[in-house]
Amino acid sequence: MPAVKKTNRRAQILQALAGMLETHQGQRITTAKLAEKVGVSEAALYRHFPSKARMFEGLIEFIEETLFSRINKILNEEKDSAARCQLILHLLLGFAEKNPGITRILNGDALMGEQDRLRARIAKLFERLETQLKQILRERKLREGKTLTAEEGVIANLMICYVDGRINQYIRSGFNRKPTEQFSEQWLTFKHMFA
């Protein structure tokens, strides 16, 4: 039974951290403030996570697991390349919209002043996403016998830059300008590349 309590406390700490990232924009989150929010001592925080960096890593793991498990589901269920890319972009934007605090980790804002390895891990996440899109576009020729209007790497990079830009716009607007706003209309621009 203690393992369940520990897991729940870990989840509670991560949820509190994500909530504080949303409400404390531009402010550094200290372990003292986090402990107060969770209702435990700082020592109790450190019993669950050896450092604040490990807490951020816990949130990054949540991001990675959530996104890539859903991307795998899209790849298994959808065979059309354009539809796959559309669903993945919408997934990324929707995830950001539903998790504003965690979105600050995605753009690196919340990681300023933290360990370099955390920012490197987020950079790697975006590289993996771009590689996934590039792979889908490369498979298009094999799977569907169709070409694209530009090179796969160029289109994949453009898609990732679009997502990154929408995430940054969301944060700059104080989480008011939703990343999924006008997605259907904007997707039509990308869809022309599949012609």
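The shown structure was predicted, so the numbers you read here are calculated from the model rather than taken from an experiment.
- Panel note: side chain R140, backbone F194; a donor-acceptor pair is recorded below 3.5 Å.
- Judged by distance alone, the side chain of E144 and the main-chain N or O of K146 form no donor-acceptor pair under 3.5 Å.
- Considering all non-hydrogen atoms of both residues, V40 and A44 come closest at CB-CB, 3.7 Å.
- Using a cutoff of 4.0 Å between basic side-chain nitrogens and carboxylate oxygens, E130 and K134 are not scored as salt-bridged.
- Taking CD1 from I160 and CG from L92, the interatomic distance works out to 6.0 Å, rounded to the nearest 0.5 Å.
- In this structure the side chain of L21 reaches within 4.5 angstrom of the side chain of F56, judged on heavy atoms.
- The only member of R47, H48, M55 that meets side chain to side chain contact (heavy atoms under 4.5 Å, CB included) when paired with R10 is H48.
- Taking a cutoff of 4.0 Å between a charged side-chain nitrogen and a carboxylate oxygen, E139 and R84 qualify as a salt bridge.
- Side chain of N157 to main chain of G153: no donor-acceptor pair is present (N/O by atom type, distance under 3.5 Å, no hydrogens or angles).
- Between the N99 side chain and the I102 main chain, no donor and acceptor come within less than 3.5 Å of each other.
- Under the 4.5 Å side-chain contact rule for hydrophobic residues, I74 and L67 share a cluster.
- Under 4.0 Å is where a charged nitrogen must lie from a carboxylate oxygen, and between E57 and R54 at least one such pair does.
- Taking the charged nitrogens against the carboxylate oxygens, R121 and E64 do have a contact shorter than 4.0 Å, which makes a salt bridge.
- In plain terms, the two heavy atoms of L111 and R119 that are nearest each other are O-NH1, 2.9 Å.
- Within the 4.5 Å cutoff, no side-chain heavy atoms of V163 are placed close to those of L129.
- Once rounded to the nearest 0.5 Å, the distance linking CG of L17 with NZ of K52 reads 8.0 Å.
- When all heavy atoms of I136 and S81 are compared, the closest pair comes out as O-OG, 3.6 Å.
- Side-chain contact check for P179 versus Q169: every heavy-atom pair is 4.5 Å or farther apart.
- Closest of all the heavy-atom pairs between T30 and K33 is OG1-N, 3.1 Å.
- Taking CD1 of I60 as the start and CG of L118 as the end, the distance is 5.0 Å to the nearest 0.5 Å.
- Contact of the E78 side chain with the L87 side chain is registered, since non-hydrogen atoms from C-beta on lie closer than 4.5 Å.
- We find the CG-CD distance between N72 and Q132 to be 7.0 Å, quoted to the nearest 0.5 Å.
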Subject >> Stepwise side chain to side chain donor-acceptor pair (under 3.5 Å) check, R9 with Q12 >> reply: CA-CA 5 Å; R9 180 64 78 190; Q12 184 184 14; 2.6 Å; yes

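- Exactly one of T103, N107, D109 qualifies for a side chain to side chain donor-acceptor pair (under 3.5 Å) with N168. That residue is N107.
- Applying the 6.0 Å contact sphere to NZ of K141 captures no more than 12 heavy atoms from other residues, nucleotides or ligands.
- With a 6.0 Å radius and a threshold of 12 heavy atoms from other residues, nucleotides or ligands, R143 has its CZ atom above the threshold.
- Every ring pair (Phe, Tyr, Trp, His ring centres under 6.0 Å) that Y170 has, sequence neighbours left out, goes to F175.
- Classified by interplanar angle (parallel below 30°, tilted 30° to 60°, perpendicular above 60°), the ring pair F190/Y162 is perpendicular.
- Residues F68 and L125 have side chains in contact (heavy-atom distance under 4.5 Å, counting atoms from C-beta outward).
- Counting heavy atoms of neighbouring residues, nucleotides and ligands inside a 6.0 Å radius, atom CD of E151 exceeds 12 of them.
- The structure places CG of L93 at 7.0 Å from OG1 of T180, a figure rounded to the nearest 0.5 Å.
- In this structure, L133 CG and I155 CD1 are separated by 10.5 Å, a value rounded to the nearest 0.5 Å.
- Counting only distance, with no hydrogens or angles, the side chain of S69 and the backbone of T66 share a donor-acceptor pair below 3.5 Å.
- Every residue two or more places apart in sequence or in another chain that forms a ring pair (Phe, Tyr, Trp, His ring centres under 6.0 Å) with F183 is listed here: H90.
- Looking at R166, its side chain does come within 3.5 Å of a backbone N or O of K178 through a donor-acceptor pair.
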**OP:** Might you work through the side-chain contact (heavy atoms from CB on, under 4.5 Å) test for M20 and L34, ending with a clear yes or no?
**Re:** CA-CA 8 Å; M20 290 178 77; L34 180 59; 3.8 Å; yes

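- Smallest separation of non-hydrogen atoms from A53 and R117: CB-NH2, 3.7 Å.
- When all heavy atoms are compared, the tightest approach of L91 to I71 is CD2-CG1, 3.7 Å.
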